[in-house]
There are 2 protein chains.
Amino acid sequence: MTEARKPGFSDCNNATLRRAARSLGRFYDDALGPTGLKSTQFGMLFQIHISDEPAMGAIAEALIMDLSALGHTLKPLIRDGYVETFADKDDRRVKRVRLTPRGQAKLDEALKLWSIAQRQFEEKVGAEQAAKLRAALDAVADLDLEMPAAAPSN
Amino acid sequence: MTEARKPGFSDCNNATLRRAARSLGRFYDDALGPTGLKSTQFGMLFQIHISDEPAMGAIAEALIMDLSALGHTLKPLIRDGYVETFADKDDRRVKRVRLTPRGQAKLDEALKLWSIAQRQFEEKVGAEQAAKLRAALDAVADLDLEMPAAAPSN
DNA sequence: CGGCAAAAGTGGCATATGCCACTAATTGAA
DNA sequence: TTCAATTAGTGGCATATGCCACTTTTGCCG
């Protein structure tokens, strides 16, 4: 447990972030295990829940995820009857998403377990620190990063 | 909690972390694009590079990733000739990993582009802040989190 | 109005990751 | 030495995500 953490690797912001994401993801996944939902699916249901019948593009933007990735991620949730989609009344290109009653119930169920996990985490890290970390992560996520050579375009 | 700001979601440490990871991952992926490597693959090559012919289990532990996931992740790198494996001399269960000359060359090539991305990031965030963030993420990754009910009485 | 660019999704293909069930190789007793 | 328990990986299955090539709708412009 020593030679593996040589300097250099932990310098990569991206690698460090992914590593933490794998670690924390597992914890939340375990916590939500009894519900049969992955932490990512829980997050998706919650995002839909707090939005008002959002269009797929809106969800993708909010979560900073690829639209097609969103579509793929939604499939299991639709298959399991937690989520349903319907065409927008004014723009037939737009597909809106909403929770089914079953999905709402599952979310409620998951929220209980999520709260426990969340509390566990904040007990270890400190609510204050956790909030700061989330703020920092949101800031990073919202950065407008561009590679030098590719920057000038539009 | 202001209902208007749709609280809750951004309160989830895990969801926030994943969102940031998607965002930053895309940036590093773009940066490494010309090399044909994903940021995850770059990280893997680097990890192998800084280790001394590590066993798969050692890599998995260092990166906090599932051993089988590591195996899967390694396949494309082996297929493309960047990495090779060989059995440990003393314990035939153990499979060690090393970069091929081709893999070493690819890593060198990628390091140049990675440096640019890394610099871009630190220019935006500040090297100081970036270091703090990485430290915080490492701390989170190394937390010993356990769900109350599931915690074995020890 | 006709045609073309932009916007919103879909599907296919590929990598990233996890869990579980197994197999092979070791180790630690009895 | 023999056998159960442990350790290290593998393979299969499922979800998570991205990119690219299309298809369908719109929106806009001459």
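Below, chains carry the letters A, B, ... as their sequence lines are ordered, and counting in each starts from 1.
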Atom-to-atom span, [atom1] of [X] to [atom2] of [N] - whole angstrom:
X     : N      : atom1 : atom2 : answer
A:L70 : D:dT17 : CG    : P     : 10 Å
B:L77 : C:dA16 : CG    : P     : 7 Å
B:L67 : D:dG11 : CG    : C1'   : 12 Å
B:I59 : D:dA8  : CD1   : C1'   : 13 Å

Which part of the nucleic acid, if any, lies within contact of [X], taking any heavy atom under 4.0 Å across all strands shown: a base, the sugar-phosphate backbone alone, or nothing?
X     : answer
B:D90 : sugar-phosphate
B:R79 : sugar-phosphate
B:S68 : base

- Under a 4.5 Å cut-off applied to non-hydrogen side-chain atoms, are A:N14 and B:W114 in contact?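 No; the side chains remain at least 4.5 Å from each other.
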- Message: Checking A:V125 against A:L133 for the side-chain contact (heavy atoms from CB on, under 4.5 Å) test, could you report, in this order, the C-alpha distance in whole Å, the side-chain angles of both residues, the deciding distance, and whether it holds?
- Response: CA-CA 10 Å; A:V125 181; A:L133 178 58; 5.7 Å; no
- Message: Could you walk me through whether B:K89 and B:E53 satisfy the salt bridge (charged side-chain N to carboxylate O under 4.0 Å, His left out) test, starting with their C-alpha distance in whole Å, then the side-chain angles of each, then the deciding distance to 0.1 Å, before giving a yes or no?
- Response: CA-CA 12 Å; B:K89 274 61 190 171; B:E53 302 193 333; over 6 Å; no
- Query: Think B:R26 has a side-chain N or O under 4.0 angstrom from the OP1 or OP2 of D:dC19?
  - Reply: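 Yes, because at least one side-chain N or O of B:R26 sits under 4.0 Å from OP1 or OP2 of D:dC19.
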- Message: Using OP1 and OP2 only, check whether a side-chain N or O of B:R18 sits under 4.0 Å from D:dA16.
- Response: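 No, no such contact exists.
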Shortest side-chain distance from [X], nucleotide among [options]:
X     : options                : result
A:T40 : C:dA8, C:dA16, D:dA16  : D:dA16
B:H72 : D:dC13, D:dA16, D:dG18 : D:dC13
A:R92 : D:dT26, D:dG9, C:dA16  : D:dT26
B:R22 : D:dT26, C:dG9, D:dG18  : D:dG18
B:D91 : C:dG18, C:dA25, D:dT15 : C:dA25

- Query: Mapping A:R93 and A:A69 onto DNA chain D by nearest heavy atom, which one lands closer to the 5' end?
  - Reply: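 Nearest-nucleotide comparison on DNA chain D picks A:A69.
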- For B:S23 and for B:G71, locate the closest nucleotide of DNA chain D by heavy-atom distance; then report the residue assigned to the nucleotide nearer the 5' terminus.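 Looking at the nearest nucleotide for each, B:G71 comes out on the 5' side.
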- Message: I need the minimum non-hydrogen distance between A:F27 and A:A117, along with the two atoms involved.
- Response: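 A:F27 and A:A117 have their closest heavy atoms at CE2-O, 3.4 Å.
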- Under 3.5 Å donor-acceptor, A:S23 side chain and A:R19 backbone: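 Here the side-chain-to-backbone pair does not exist.
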